[in-house]
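Everything below concerns the one structure shown next.
Chain letters run A, B, ... following the sequence lines, proteins first and then strands; every chain starts at 1.
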Amino acid sequence: VTLETVGFALVAAVLLASSLAVVLTPNLFHAVLYLAAALVSTGVVFLLLDQPFLFAVQLLLYAGGVVTIVVFAIMLTERLVGQRIAQTSRHLVNGAVVAAAVFVGIVGFLVQGPAAAPRPAQTVDVTVAIGHALVGPFAVTLELLGALLVVALLGALYFARSEE
Amino acid sequence: MMGLQAYLVLAALVFAIGLFGVLTRRNAVGILLGIELMLNAVNINLVAFARFHADLAGLVFTLFTISITVAEVGVGVVHTDRPPRPHPVDSHVVELHRRIKAVFDPTGRLNPGRDPLAATTTEAA
């Protein structure tokens, strides 16, 4: 048993437990906090895959940005509505059956596939390589992403403007 | 060493949990959290394939998915908070819709006892 196996088992346990808590807890605010834990442990999975740059992006954008936005939305809404928002679920059995079916389907597909090749050694500095790729072969995609962010910003401005 | 398949099974589990959340939650924020979990599972897949095939494209795609998701959450949260306000409609247009409904449904069988057009904000022409 190597150190990597132990780390993977630990991170997988935390990730799965917090993901389950996100979809099962009755408190919406707690669900968001569990989502933050799930996102951080996903970042640790990236670390196990030798991607420290993606780990940083995951922490900054996801755990930092998304969780802050959602927490703000919930707190503001609760203050406006003046009551705690309960998180109700319905059709628990049906949902569980569909989700389990999808999981079994994916795993069945994985089992049929060829045995994965062993992990190749990491030779280049990935962060440098990502930087070169972003301004090289993926430059147009990067520009498109910039356009998308501008559109999202304009949409947010449209919704945030005051009522005349 | 952990194989590729261990990461793929982990991602499939997270994806299934997120799908369960999307199917069972009843409010928009809860569904949004489930979608976040599903997107996260896809990111794990992308990074795992990129690492095991020594291919850079998966990593760059992960960066793009993360950025697009953040934009999506911003817009989605604004929507759940404040639905788009209805445009004021010309009163002649409302009258036209009433006449069309009268032609197809003269006895008022559709939406009995309710007047959906009454909620429309009108403005004088």
Between B:Tyr7 and A:Phe8, does the ring centre distance come in under 6.0 Å?
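They qualify: ring centres under 6.0 Å apart.
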Validation row: [X], [Y] side chains within 4.5 angstrom (heavy atoms):
| X | Y | result |
| --- | --- | --- |
| B:Asn40 | A:Tyr62 | yes |
| B:Val47 | A:Val45 | no |
| B:Leu8 | A:Phe109 | no |
| B:Phe64 | A:Leu148 | no |
| B:Leu23 | A:His91 | no |

If I measure from the heavy atoms of chain B, does [X] come under 4.5 Å with its side chain, its backbone, both, or neither?
| X | answer |
| --- | --- |
| A:Val32 | both |
| A:Leu61 | both |
| A:Ile130 | both |
| A:Tyr34 | neither |
| A:Leu39 | both |
| A:Leu16 | both |
| A:Leu92 | both |
| A:Leu15 | side chain |
| A:Leu145 | side chain |
| A:Leu144 | neither |

Taking all non-hydrogen atoms of both residues, which atom of [X] and which atom of [Y] are closest, and how far apart?
| X | Y | answer |
| --- | --- | --- |
| A:Thr25 | B:Arg25 | O-NH2, 2.8 Å |
| B:Ser67 | A:Leu149 | O-CD2, 4.4 Å |
| B:Phe20 | A:Val23 | CD2-CG2, 3.8 Å |
| A:Ala99 | B:Leu19 | CA-CD2, 4.1 Å |
| B:Leu10 | A:Ala12 | CD1-CB, 3.7 Å |
| A:Ala133 | B:Leu56 | CB-CD2, 3.6 Å |

Would you kindly confirm whether A:Leu48 and B:Leu4 end up in one hydrophobic cluster when ILVMFWY residues are joined by side chain heavy atoms under 4.5 Å apart?
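Result: yes, single cluster for both.
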Is there a path of hydrophobic side-chain contacts, each under 4.5 Å between heavy atoms, that joins B:Leu13 and A:Leu110?
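Cluster IDs for B:Leu13 and A:Leu110 match.
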Among A:Ala152, A:Ala101, A:Gly95, A:Ala100, which has the most heavy-atom pairs under 4.5 Å with chain B?
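Heavy-atom pair counts peak at A:Gly95.
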With chain B as the partner, which of A:Gly105, A:Ala129, A:Pro137, A:Ser19 has the greatest number of non-hydrogen pairs under 4.5 Å?
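Of the options given, most contacts go to A:Ser19.
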To the closest 0.5 Å, what do you measure between [atom1] ([X]) and [atom2] ([Y])?
| X | Y | atom1 | atom2 | value |
| --- | --- | --- | --- | --- |
| B:Ile66 | A:Gln58 | CD1 | CD | 5.0 Å |
| B:Glu36 | A:Leu35 | CD | CG | 6.5 Å |
| B:Asn43 | A:Leu54 | CG | CG | 8.5 Å |

I'd like to know which of B:Thr69, B:Val9, B:Val60 tops the heavy-atom pair count under 4.5 Å against chain A.
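The option with the most such pairs is B:Val60.
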Looking at B:Gly34, B:Ala11, B:Ala16, which one has more heavy-atom pairs under 4.5 Å with chain A than the rest?
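Winner by heavy-atom pair count: B:Ala16.
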Kindly determine whether A:Thr141 and B:Phe61 satisfy side chain to side chain contact (heavy atoms under 4.5 Å, CB included), including the steps that lead there.
CA-CA 10 Å; A:Thr141 329; B:Phe61 263 83; over 6 Å; no
Is chain A contacted by the side chain of B:Ala41, its backbone, both, or neither, given a heavy-atom distance below 4.5 Å?
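Looking at B:Ala41, nothing touches chain A.
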Checking B:Ala50 against chain A: side chain, backbone, both or neither under 4.5 Å from a heavy atom?
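Looking at B:Ala50, nothing touches chain A.
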Take B:Phe52 and A:Leu49 through the side chain to side chain contact (heavy atoms under 4.5 Å, CB included) test and state the conclusion after the steps.
CA-CA 9 Å; B:Phe52 278 84; A:Leu49 289 163; 3.9 Å; yes
